[in-house]
Asker: 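A single structure is presented below for examination.
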Amino acid sequence: MKQINVTLVIFFKELKAYFRSPLFYSLSFFYTALLSFQFLRSLTAFALASSNPMMAGQSKNIHQMVFMPHINMVYLIMLFLTPLITMRMFAEEKKERTMDLLLTAPISSTQIVMGKFLAAWLALSFLLLLAMLYPLSTGLIAEFDYAPVWGSYLGMFLLIGLNCSLGMLASSLTSSALFASFLGFLFMLSMLLIGALVGSFNHPFWSALAEQLAVVMHIQDFFNGTIELTGIVFMLSSILLFSFFAQRVVESSRWR
Amino acid sequence: MIKVTGLTKLYGERAAIDGLNFNVKKGELVGFLGPNGAGKTTTMRILTGFMAPSKGSVEIGGHDIFADPLAAKSKIGYLPETPPVYPDMKVSEYLKFVARLRGVHKDELTEKIDKAVERLDLKDVKSRLIQNLSKGFRQRVGLAQAIVSEPEVLILDEPTVGLDPTQVAHFRDLLKELKGKHTIILSTHILPEVQASCERLLIINQGRIVAEDSLASLSQKASKGKMRVMIRVKRAKEQYIESITNLSGVAAASFAGEELHLDCDGADQTLEALSSSVVESGMGLLEMKISTEQLEDIFLELTAKK
Ligand SMILES: Nc1ncnc2c1ncn2[C@@H]1O[C@H](COP(=O)(O)OP(=O)(O)OP(=O)(O)O)[C@@H](O)[C@H]1O
Ligand SMILES: [Mg+2]
């Protein structure tokens, strides 16, 4: 009981810090502005196309024309935004020397990492929730199959979690927030590219491995509305793995 | 309460501290004294579990700080060299966070925070953002943070740095109040600080303890039966120097302006003879006191580079 309590103390402290940081607000603004612009454009394009009798035969569905570009946009912005959110997680604590407080309090580094990670994940999920308003509001005026939308958002939710754990690991490695954001971005990019890289070897073993390791492929499945257990397990275990690394790094600071 | 055995911390080849041994009893107030780079901060970081030693062990209230960290740490309040404050928090919010982090129960939260705020005189800045506070106030917030959970053990690294004289005096009163109820270790290189409050001194130099004793017996040892006395007079008369030096127990005497400095054995009858002889000389005795530079001398002597 007490264990959970202190983790929550860290969690709420972090969450508060996110929701009062000017950076978070400017990023959210930038993010919603971009999404609104893009969503409205593709929605009008879709409306035009579907009202055009010439195109009736090759009727494109709303998923391909509106939701896919939308979710891809969310995916792209998140890739740039996540490192900026996660960069301060440990780097700032070290720079401000508040790490001294955390590491001498009756709380384990696992609890510190857990509290911080969950808060970052939730803060970013809040942005994802904002993005969800677009398809949901479209649901008010048009009817469509929701499955791929839910799938995409579940995939994004897990991907954000994975990127948070990578960003946190980067932040635990340095006391400069700027460097942490750069390193975090690098980690996230490599995680995305690793599948493509390994897959480029023309060998059945490597391509089979690549398929399992490739975040992109799992994400693509989610985006297409096919939610597979392996995908979920892969994402969650990666999150655990990188959070564990971050915990090791935090703990190792005592031994230097 | 605190038991330190064979504590060593190596940075590469260099030992920042080298085989420290000491005990602190429950309720004791110990001053940790040493020049820059002596290893005070390093020792305190290890005592609080912030850092692991290369060798040796630390026990806080019977719990080993590394075998059983949570139990040991829940007994400790710590003020690091730099106050560990979050600039984007308000003072009261910050104290609440620390109290919760240290496991203060919800029901006691407001009471304990109010007490810490009052003890460090922070009422006026309670609802201000820490980033807007001056250095001295941040230091006080750091101190409030250390005592807010009312821990059994207080470890304070240079607690009076940046405080104004009123606050330093205030802090001494606070120490008196806390003494006995809490076990306190404080580090400093400011001598009057320990002179005024600490029962026992640990003097550390180049990573080793060079002296460990009460202040009184330390000064007795260092002075070896010598006492420096300063006498301020109205009219200095050089011709009396000889007769004063001839008094039994007085070693050397000299005038510096209107002040007569002399070394004597410190015995009561010597002091009595001294004062009456000055009065009889008609120089006009204004003030007579035992020099306070003594502790400084001990400090310099013990920490002199070999
Ligand atoms: N991270 C580090 N890497 C290498 N050497 C270090 C490190 N931290 C401290 N030292 C060395 O350890 C020794 C003890 O330092 P420490 O900070 O404990 O001194 P101190 O007694 O607190 O001094 P001060 O009065 O200046 O605060 C110093 O010689 C210092 O150079
Ligand atoms: Mg120091």
Side-chain angles (χ1 to χ4, degrees), chain A residues 1-25 85 87-116 119 123 175 177 247-256, chain B residues 9-12 41 44-54 60 63 65-66 68-90 93-94 96-106 109 129-131 138 142 145-146 148-149 151 153 155 157:
Chain A
M1 188 57 214
K2 215 174 164 191
Q3 301 285 310
I4 301 169
N5 253 337
V6 257
T7 312
L8 285 181
V9 173
I10 298 275
F11 172 80
F12 283 119
K13 170 230 152 204
E14 289 284 303
L15 207 59
K16 255 194 214 164
Y18 285 122
F19 284 107
R20 69 167 54 146
S21 113
L23 178 70
F24 187 76
Y25 281 107
I85 298 289
M87 65 182 184
R88 42 159 298 286
M89 290 177 89
F90 283 102
E92 201 172 77
E93 302 262 11
K94 283 192 262 180
K95 192 163 145 265
E96 297 284 343
R97 305 241 46 147
T98 42
M99 208 59 197
D100 298 41
L101 177 67
L102 298 184
L103 288 181
T104 57
I107 173 171
S108 70
S109 43
T110 310
Q111 290 169 322
I112 299 174
V113 166
M114 247 168 43
K116 276 177 170 283
S175 57
Q247 187 266 342
R248 291 325 294 165
V249 174
V250 170
E251 193 57 34
S252 76
S253 71
R254 292 186 213 271
W255 301 93
R256 258 173 263 146
Chain B
K9 176 76 191 176
L10 302 170
Y11 283 116
T41 300
M44 291 187 150
R45 282 186 175 159
I46 297 173
L47 289 187
T48 53
F50 177 73
M51 221 161 62
S54 309
I60 308 281
H63 302 280
I65 191 87
F66 279 93
D68 192 3
L70 297 192
K73 284 174 185 175
S74 63
K75 292 184 188 299
I76 302 177
Y78 173 43
L79 172 72
E81 214 165 23
T82 320
V85 293
Y86 292 97
D88 59 348
M89 283 191 187
K90 287 176 182 161
E93 183 190 2
Y94 171 69
K96 188 173 166 194
F97 167 68
V98 178
R100 301 268 290 141
L101 192 65
R102 294 202 193 278
V104 172
H105 196 269
K106 263 205 176 93
L109 217 52
L129 283 180
I130 296 179
Q131 63 190 356
R138 280 184 198 208
Q145 163 276 130
V148 72
S149 62
V153 175
I155 296 181
D157 200 348

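Chain identifiers are assigned alphabetically (A, B, ...) following the order of the sequence lines, protein sequences preceding nucleic acid strands; residue numbering begins at 1 within each chain.
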Asker: Under a 4.5 Å heavy-atom cut-off, does chain A meet the side chain of B:Tyr86, its backbone, both or neither?
Answerer: both

Asker: Please state whether the side chain, the backbone, both or neither of B:Leu101 comes within less than 4.5 Å of a heavy atom of chain A.
Answerer: both

Asker: Under a 4.5 Å heavy-atom cut-off, does chain A meet the side chain of B:Val98, its backbone, both or neither?
Answerer: side chain

Asker: What part of A:Glu92 lies closer than 4.5 angstrom to a heavy atom of chain B: side chain, backbone, both or neither?
Answerer: neither

Asker: When rounded to the nearest 0.5 angstrom, what is the spacing between CG in A:Leu8 and CG in A:Leu15?
Answerer: 11.0 Å

Asker: So does A:Gly115 get a backbone contact from the side chain of A:Thr7, meaning a donor-acceptor N/O pair under 3.5 Å?
Answerer: no

Asker: Looking at every heavy atom in both B:Pro80 and B:Pro84, which two are closest together, and how far apart are they?
Answerer: CD-CD, 3.5 Å

Asker: Flag the one option from A:Glu96, A:Arg20, A:Met99 with the top tally of heavy-atom pairs under 4.5 Å to chain B.
Answerer: A:Arg20

Asker: Is A:Leu102 close to A:Val250 at the side-chain level, that is, under 4.5 Å between some pair of heavy atoms?
Answerer: no

Asker: For B:Lys9, is it the side chain, the backbone, both, or neither that has a heavy atom closer than 4.5 Å to a heavy atom of chain A?
Answerer: side chain

Asker: State, yes or no, whether a side-chain contact exists between B:Lys73 and B:Tyr78 at a heavy-atom distance under 4.5 Å.
Answerer: no

Asker: Between A:Leu103, A:Asp100, A:Ile10, which shows the greatest number of heavy-atom pairs under 4.5 Å with chain B?
Answerer: A:Asp100

Asker: Check whether A:Tyr18 forms a cation-pi arrangement with A:Arg88 (NZ or CZ under 6.0 Å from the six-membered ring centre, at most 45° off the ring normal).
Answerer: yes

Asker: Report which part of B:Glu93 has an atom under 4.5 Å of a heavy atom belonging to chain A: side chain, backbone, both, or neither.
Answerer: side chain

Asker: Using the ring of each side chain (for Trp, its six-membered ring), is B:Phe66 parallel, tilted or perpendicular to A:Trp255, with breaks at 30° and 60°?
Answerer: tilted

Asker: For B:Pro69, which atoms come within 4.5 Å of any heavy atom of chain A: side chain, backbone, both, or neither?
Answerer: neither

